[in-house]
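All remarks here apply to the structure that follows.
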Amino acid sequence: MRKWHLLLLVLSVSVTLLAGCSTKNIDPSADKGQAEKAPLLPVSGDYTFLRYVEDKEHTEYRVLYSQVPHSKIVQVKTVQKLDSTDISETNNFYEELKDGIYGYMVLSEDFPKDWTAKDIKKFQKTKIIAYPLEVGKKWTENLEDLGVSISYHIRSIDSTLETPAKTFNQTIVIDFEEKDQEGKIIKKGTSTFAPQVGWIRHETEAEYLKDIHELVKINES
């Protein structure tokens with residue numbers, strides 16, 4: 001099986017990756033005559049996360065955001081210390097377009113060592129946050145190469161989430177559900193995204209496993 005990296009709201013990947021019946025909207029693309037609104041996707045950041053499996057502390061890792069040169073693509077590097085000498089690094093790539101934020105499905109064996117933005121754009125991308133932001137908005141992404149489909153639902157666009165790092169306001173909360181080709185649910189979960197910060201919490205539930213990733217520290221630049 002080919003390996004691929006994508007943090008879906010998800011980061012799943014997760015995403016990464018929204019309560020109530022409000023009809024409040026947020027449109028990242030401003031109308032003519034209005035001041036242009038800032039993008040939601042950050043271009044820098046250094047954070048520490050903890051992963052909890054079945055509510056037990058399991059893994060600490062860092063997440064670093066940076067902008068890919070000569071592009072609007074954002075690189076999200078995950079760095080995990082395996083032992084005293086070994087370090088694991090994975091990269092995810094995202095781009096904010098007029099109709100939403102997309103994650104690129106980068107296949108590790110097809111990814112060149114000395115890559116550029118052009119190399120990233122060769123890969124398939126999948127929408128993980130849809131614009132305009134509307135409570136109740138739903139969409140489905142079919143990932144044929146993986147034999148799965150992922151359905152998303154924006155639950156809230158102005159939630160408050162308290163994390164060990166800080167309390168975030170006006171966060172975007174997205175529920176997602178991943179199904180196989182037969183329509184069987186493989187996993188489902190919720191991701192919370194803070195504008196200009198990134199994903200701050202990601203929770204998934206599979207048949208026998210509950211997995212939580214949570215921001216615990218904002219590292220000084």
Side-chain angles (χ1 to χ4, degrees), residues 1 3-20 45 47-65 76-83 88-92 94 101 103 105 126-130 135-143 146-169 171-194 197-218:
M1 178 181 292
K3 295 181 179 179
W4 63 288
H5 301 298
L6 175 61
L7 185 64
L8 292 172
L9 277 183
V10 107
L11 281 207
S12 173
V13 63
S14 115
V15 167
T16 129
L17 246 67
L18 321 139
Y47 311 109
T48 298
F49 278 74
L50 276 181
R51 179 189 182 195
Y52 303 88
V53 178
E54 293 301 322
D55 297 325
K56 296 180 181 179
E57 185 175 323
H58 182 67
T59 307
E60 180 180 285
Y61 60 92
R62 289 177 68 190
V63 175
L64 299 99
Y65 287 75
V76 183
K77 178 184 290 187
T78 300
V79 181
Q80 180 182 339
K81 189 174 183 180
L82 301 178
D83 54 38
S88 171
E89 291 188 3
T90 58
N91 289 291
N92 297 289
Y94 303 92
I101 294 177
M105 298 172 57
T126 180
K127 186 186 294 184
I128 52 180
I129 299 182
V135 172
K137 191 180 189 74
K138 298 179 181 180
W139 71 100
T140 299
E141 295 289 300
N142 294 307
L143 309 180
L146 302 176
V148 301
S149 64
I150 304 177
S151 298
Y152 298 90
H153 168 247
I154 299 178
R155 191 203 307 170
S156 176
I157 56 177
D158 59 359
S159 288
T160 297
L161 179 65
E162 183 178 351
T163 72
K166 65 174 290 186
T167 297
F168 294 90
N169 298 312
T171 66
I172 303 163
V173 183
I174 300 179
D175 299 318
F176 61 89
E177 189 174 77
E178 181 178 329
K179 295 181 179 180
D180 61 18
Q181 293 177 320
E182 286 70 44
K184 179 182 178 181
I185 297 176
I186 302 172
K187 65 177 67 174
K188 57 184 178 180
T190 301
S191 289
T192 304
F193 182 93
V197 175
W199 289 272
I200 57 177
R201 182 179 171 87
H202 182 75
E203 179 176 332
T204 60
E205 289 188 28
E207 188 173 0
Y208 302 108
L209 184 68
K210 184 176 182 179
D211 193 359
I212 298 174
H213 299 250
E214 184 176 44
L215 173 65
V216 295
K217 183 181 179 183
I218 300 174

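In this structure the side chain of I174 never reaches within 4.5 angstrom of the side chain of F193, judged on heavy atoms. A 4.5 Å side-chain heavy-atom check between I154 and W139 finds at least one atom pair inside the cut-off. Within the 4.5 Å cutoff, side-chain heavy atoms of F176 are placed close to those of H202. For the pair M105/L146, a side-chain contact is recorded, criterion being any heavy-atom separation below 4.5 Å from C-beta on.
By the 6.0 Å contact criterion, NZ on K217 is open, its count of non-hydrogen atoms from other residues, nucleotides or ligands being 12 or less. Counting heavy-atom neighbours within 6.0 Å of E162 CD, excluding the residue itself, gives a total of 12 or less.
I150 CD1 to I128 CD1: the interatomic distance, rounded to the nearest 0.5 Å, is 9.5 Å. For the atom pair E214 CD and Y47 OH, the distance stands at 15.0 Å (nearest 0.5 Å). In this structure, the separation between OG1 on T59 and CZ on F49 is 13.5 Å, given to the nearest 0.5 Å. Interatomic distance, CD of E89 versus CZ of R62, reported as 10.0 Å (0.5 Å rounding). Note that NZ of K184 is 12.5 Å distant from CD of E178, once rounded to the nearest 0.5 Å. Atom OG1 of T78 is separated from atom CG of N91 by 8.0 Å, given to the nearest 0.5 angstrom.
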task: Evaluate the criterion side-chain contact (heavy atoms from CB on, under 4.5 Å) for residue pair T163 and F168; output intermediate values, then yes/no.
output: CA-CA 8 Å; T163 72; F168 294 90; 3.7 Å; yes

- request: Start with the C-alpha gap between I185 and E177, add the side-chain angles, then the distance that decides, and say whether side-chain contact (heavy atoms from CB on, under 4.5 Å) holds.
  value: CA-CA 7 Å; I185 297 176; E177 189 174 77; 3.2 Å; yes

- request: Apply side-chain contact (heavy atoms from CB on, under 4.5 Å) to the pair R201 and L215, showing each step before the final yes or no.
  value: CA-CA 6 Å; R201 182 179 171 87; L215 173 65; over 6 Å; no

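Distance alone, capped at 3.5 Å, places no donor-acceptor pair between the E60 side chain and the L50 backbone. Checking side-chain atoms of T171 against main-chain N and O of S159 turns up a donor-acceptor pair under 3.5 Å.
Between Y61 and H213, the angle of the ring planes goes over 60°, which puts this pair in the perpendicular group of the 30/60° scheme.
Of all heavy-atom pairs between A130 and K137, the closest is CB-CE, 3.6 Å. Considering all non-hydrogen atoms of both residues, E141 and K127 come closest at OE1-N, 3.1 Å.
Each of I212, I186, D211 was compared with T204 under the side chain to side chain contact (heavy atoms under 4.5 Å, CB included) criterion, and only D211 meets it.
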